[in-house]
Amino acid sequence: MNVRDLLNTRVQAALDACHAEGTAGIQTAGKPEFGDYQANGVMAAAKRQKRNPMELAADVVGALQLDDVADSIDIAGPGFLNIRLSTNFIADNLVLGTPLLEAQDPPQHTVVDYSSPNLAKEMHVGHLRSTVIGDAVARALEVLGHRVTRQNHVGDWGTQFGMLLEYLEETDGANSASDELKDLEEFYRRSRERFTADDAFAQRARAKVVALQRGDENVLAQWRHFIDVSLSHCDEVYQHLGVTLSRADVMAESAYNEDLNNVISSLAQQGLLTESDGAQCVFLDQFKKKDGEPLPVIVQKSDGGYLYATTDLAAIRYRTHKLGASRVLYFTDTRQVLHFKQVFAVARTAGFTTDDASLEHMPFGAMLGTDGKPFKTREGGVVHLTDLLNEAEQRAFELVSEKNPTLTETERLEIARVVGVGAVKYADLSKNRGSDYVFDWDQMLAFEGNTAPYLQYAYARIQSLFRRGDISVQSLDGTLRPSEPAERDLAIALLRFQENVELVARDGYPHVLCAYLYDLTTKFMRFYEQCPILTAQSLSARDNRLRFSHRTAETLRAGLSLLGIETVDRM
RNA sequence: GCGCUCGUAGCUCAGCUGGAUAGAGCACUGGGCUUCGAACCCAGGUGUCGGGGGUUCGAAUCCUCCCGGGCGCGCCA
C-alpha cells in the first residue's frame with residue numbers, strides 16, 4: 001500500500017470537486033504535531049483561483065473522503081491540511097503474512113545500464129558508485145514487478161587493446177596468460193611503459209589494432225582470451241560486492257561494432273550528417289553556444305573510426321527498438337551529462353528511439369578522499385575494489401572480534417564479510433548520488449549512526465529476541481495494532497516502505513531508501529527501549545509487539561536486500 | 001570565453017513537485033545496563049542555508065548578479 005499515493009488521489013479528488021486546479025502536494029508531516037501526512041497543495045490552488053486559502057481548505061475538507069483512512073483532518077496555518085491516520089487503517093495494512101511490497105501497475109520494461117568497466121584495467125573505486133547504485137535501482141524496479149534488463153556496457157574495444165595484446169604476446173612465453181593478467185592494473189602499467197619506451201613495440205601494437213579491427217582470427221582469439229580473463233576479474237568483484245550482474249548481462253561495446261556503419265548511413269540518409277574537418281558530425285539547433293557557434297556531436301572520426309557517441313546511438317536503438325524497453329537508465333558519472341544530452345537528442349531526432357521511450361541519465365559525483373581530492377591510495381594510485389573490500393572486511397573482523405569474542409572464528413569471518421561489504425556499499429548508497437562524496441574509512445567503519453551495521457545490528461537484535469523467547473515466527477499471525485506512541489511511530493514507519501521503494505524506482509536515488517531504513521530503525525530502537533516485549537504486561541501485548549518486531553525485521557532485511565546488503569542473525 | 005554543477009552546524013550529509021520555529025549522524029557534555037544484545041537509548045546547542053537583489057501569502061528550494069570550488073566544451077571513454 002502506497003499511503004502517500006492514496007492520500008494524493010483522495011485529496012486530488014476533493015480539489016477537483018471544489019473546481020480547484022493543482023496538485024494535492026502530499027508529503028510526510030514535518031512535525032509530529034502536524035499529524036502523519038500533510039497536504040500542501042490547497043494554498044497554491046487557492047492562489048490560482050484567487051480565493052481565500054482557508055475557505056478553500058474548508059471546502060476541500062468537506063469534500064474529502066477519508067473516513068476509512070484518517071482519524072482527523074485539520075486545517076492549520078495558512079491552509080495546510082494535516083492528516084492523522086486512523087488506528088484501524090494502520091492495523092488493516094500491517095498484517096503479518098501479507099507481502100511487504102506490491103507490484104506497480106502497469107509494469108514497465110526498463111534497461112539499466114550500469115557498472116560498465118573498461119576491461120583493459122582492473123575494477124577500482126571509480127566503478128563502485130555506478131555498480132552499487134545501478135544495482136540497487138535495478139532491484140527496486142524488479143521488486144515492484146517491472147521487467148529489468150541489465151546491460152553491462154563494458155569497454156572491450158579501442159586502441160589500448162592493441163598495446164595490451166602485443167604485450168601479452170611478448171610475455172606469454174614465460175608465464176601463462178592467466179598468470180600475467182592476474183594483476184590487470186600492473187599489466188596495463190607495464191605494457192604502457194613498453195609502449196612509450198619502445199617505438200618498435202608501439203608500431204607492432206598499432207598493427208595489432210588494425211589486425212583486430214580487420215578481424216584477424218589469431219588476434220581475435222587473443223583478444224577474446226584477454227576479455228574473458230578480464231571479465232572473470234569483474235565476476236569476482238561482483239560476487240564479492242553482492243551485485244546481481246552476471247555474464248548474461250554483459251553487452252559489450254564491441255557487440256555494436258557491425259551496427260555502427262548503419263548508424264552513420266541512417267544519419268546520412270536523414271540529412272543529419274555534416275562533414276567538419278574531415279569528421280562526420282551531427283549539429284543540432286538546441287546545442288549552440290551563445291554566440292551561435294554550433295556544438296557538434298562527432299559520430300565518425302576523420303580516419304573513419306567511430307566514437308562512443310556512435311556506440312551509444314546503436315545501443316539506444318537496440319534497447320528501445322529491439323529490446324522494447326520503455327525506460328533506459330544510465331548510471332555514469334556526472335561528467336557525461338552533456339554527452340548524454342546530446343546523444344539522447346540525436347537519437348530522438350534520428351528516430352533511434354521509440355516515441356514513448358524515456359532515456360534517463362542518472363549521473364553521480366566523484367569519490368573524494370578526506371583531503372577533498374579524488375580518492376587515491378597513499379602512493380597516488382587508484383584503489384582497487386578488491387583491496388577496498390578486503391580492508392573493510394579486515395576492519396570489520398577486528399571490530400566483531402572485540403565486541404563479540406565468544407563467536408567462533410568462522411562466524412566472525414562471515415559476519416565481517418557481511419558487515420564490511422555492507423558498510424562500504426551503504427556509505428555510498430546513503431549519499432545523494434548527484435554530488436561528490438568524501439570516502440572516509442574511519443567514519444564508515446566506525447559503524448555508528450546512519451550506517452549499514454546500525455541497521456544490521458537492529459536486525460540481529462530482533463533475531464536474538466526470537467531466539468531468547470523461543471518464538472516461532474509462524475505462530476505470529478495477525479495484525480499489528482499500535483497502542484503505545486512508540487508502537488504507533490513504528491507502525492507508521494513500517495507503512496511507508498512501499499512509497500519509498502517506489503521513489504527509488506522512479507528517481508534512481510537509493511539514498512532515499514537508506515534514509516527510510518535508518519528512520520525505521522531509530523523508531524524500532526525507541527520502541528524496543530520503551531516497550532518491553534517478552535515481558536509485556538499481557539499475552540496479547542506481547543504477541544502484538546512480537547509481530548511488530550518481526551515485521552520490522554522483515555522490512556529491514558527486504559530493504560537492505562534491495563540495496564544489495566545482507567543481514568546476519570548475530571553479530 | 002561558453003556551459004553544467006555544487007556551496008546548509010566544527011566534520012560528514014538530508015531537506016522529496018517552494019511550505020509551518022532548516023534536520024540527522026559524528027564529535028562534545030551529562031544521564032541510563034542485577035531486567036528482551038550498551039555496535040543501543042535519553043537529554044543538552046550550535047546555523048548571515050556563500051553574499052546582494054528580485055518573484056509571493058511563504059524561498060535552502062525559483063529568477064538575477066557577484067564570490068568561491070568541481071567538471072565539461074569536434075575527432076578518449
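Below, read A as the first sequence line, B as the second, and so on, with proteins coming before strands; counting in each chain starts at 1.
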message: So A/Gln342, base contact, sugar-phosphate only, or nothing? Heavy-atom distance under 4.0 Å.
response: nothing
- request: State which of B/C76, B/C57, B/C36 makes the closest approach to the side chain of A/Leu307.
  value: B/C76
query: So what does A/Ile462 touch, heavy atoms closer than 4.0 Å: a base, only the sugar-phosphate, or nothing?
result: nothing
query: So is A/Arg496 actually on top of A/Tyr37's ring, under 6.0 Å and inside 45° of the axis?
result: yes
message: Any residue in residues 518-525 of chain A with a heavy atom nearer than 4.0 angstrom to RNA chain B? Just list them by number, or reply none.
response: A/Tyr518, A/Met525
task: Could you check whether A/Arg4 gets within reach of a base, just the sugar-phosphate, or nothing at all, counting any heavy atom under 4.0 Å?
output: base
message: When you compare the side chains of A/Asn500 and A/Glu502, does any donor N or O come within less than 3.5 Å of an acceptor on the partner?
response: no
- prompt: Are A/Tyr256 and A/His153 close enough that their ring centres sit under 6.0 Å apart?
  reply: yes
query: Reckon A/Asp277 touches a base, only the sugar-phosphate, or nothing at all at heavy-atom distances under 4.0 Å?
result: base
message: Please classify the nucleic acid contact of A/Cys514 as base, sugar-phosphate, or nothing, using heavy-atom distances under 4.0 Å.
response: nothing
message: Taking any heavy-atom pair under 4.0 Å as a contact, classify A/Phe34: base, sugar-phosphate, or nothing.
response: base
message: Within the 4.0 Å heavy-atom criterion, would you say A/Ala460 contacts the bases, only the backbone, or no part of the nucleic acid?
response: base
task: Could you tell me whether A/Gln456 contacts a base, only the sugar-phosphate backbone, or nothing, with contacts defined as non-hydrogen atoms closer than 4.0 Å?
output: nothing
Shortest side-chain distance from A/Tyr454, nucleotide among B/C41, B/C13, B/C36: B/C41
- request: Indicate, yes or no, whether a donor-acceptor pair under 3.5 Å links the base of B/C36 to the side chain of A/Arg467.
  value: no
query: Do A/Asn82 and B/A20 share a donor-acceptor pair, side chain to base, under 3.5 Å?
result: yes
- request: Quick one: pull up OG in A/Ser254 and CD in A/Gln213 and give me the separation to the nearest 0.5 Å.
  value: 12.0 Å
task: Give one of base, sugar-phosphate or nothing for A/Ala76, where a contact means two heavy atoms less than 4.0 Å apart.
output: base
statement: Closest to the side chain of A/Ser276, out of B/G37, B/C42, B/G74, is B/G74
task: Determine the contact category for A/Thr334: base if any of its heavy atoms lies under 4.0 Å from a base atom, sugar-phosphate if only primed atoms, P, OP1 or OP2 are that close, otherwise nothing.
output: nothing
message: Can you see if the side chain of A/Arg570 gets near the phosphate of B/G37 - specifically, an N or O under 4.0 Å from OP1 or OP2?
response: no
- prompt: OP1 or OP2 of B/A77 less than 4.0 angstrom from a side-chain nitrogen or oxygen of A/Gln336, does that happen here?
  reply: no
- request: Describe the nucleic acid contact of A/Ala44 in one word from base, sugar-phosphate, nothing, applying a heavy-atom distance below 4.0 Å.
  value: base
- prompt: Is the distance from OP1 or OP2 of B/G37 to the nearest side-chain N or O of A/Tyr528 less than 4.0 Å?
  reply: yes
- prompt: Which part of the nucleic acid, if any, lies within reach of A/His511 when heavy atoms closer than 4.0 Å are counted: base, sugar-phosphate only, or nothing?
  reply: sugar-phosphate
task: May I ask you to evaluate whether A/Tyr308 reaches the phosphate of B/G74, defined as a side-chain N or O under 4.0 Å from OP1 or OP2?
output: no
field: B/A39 phosphate, OP1 or OP2, under 4.0 Å from A/Tyr457 side-chain N/O
entry: yes
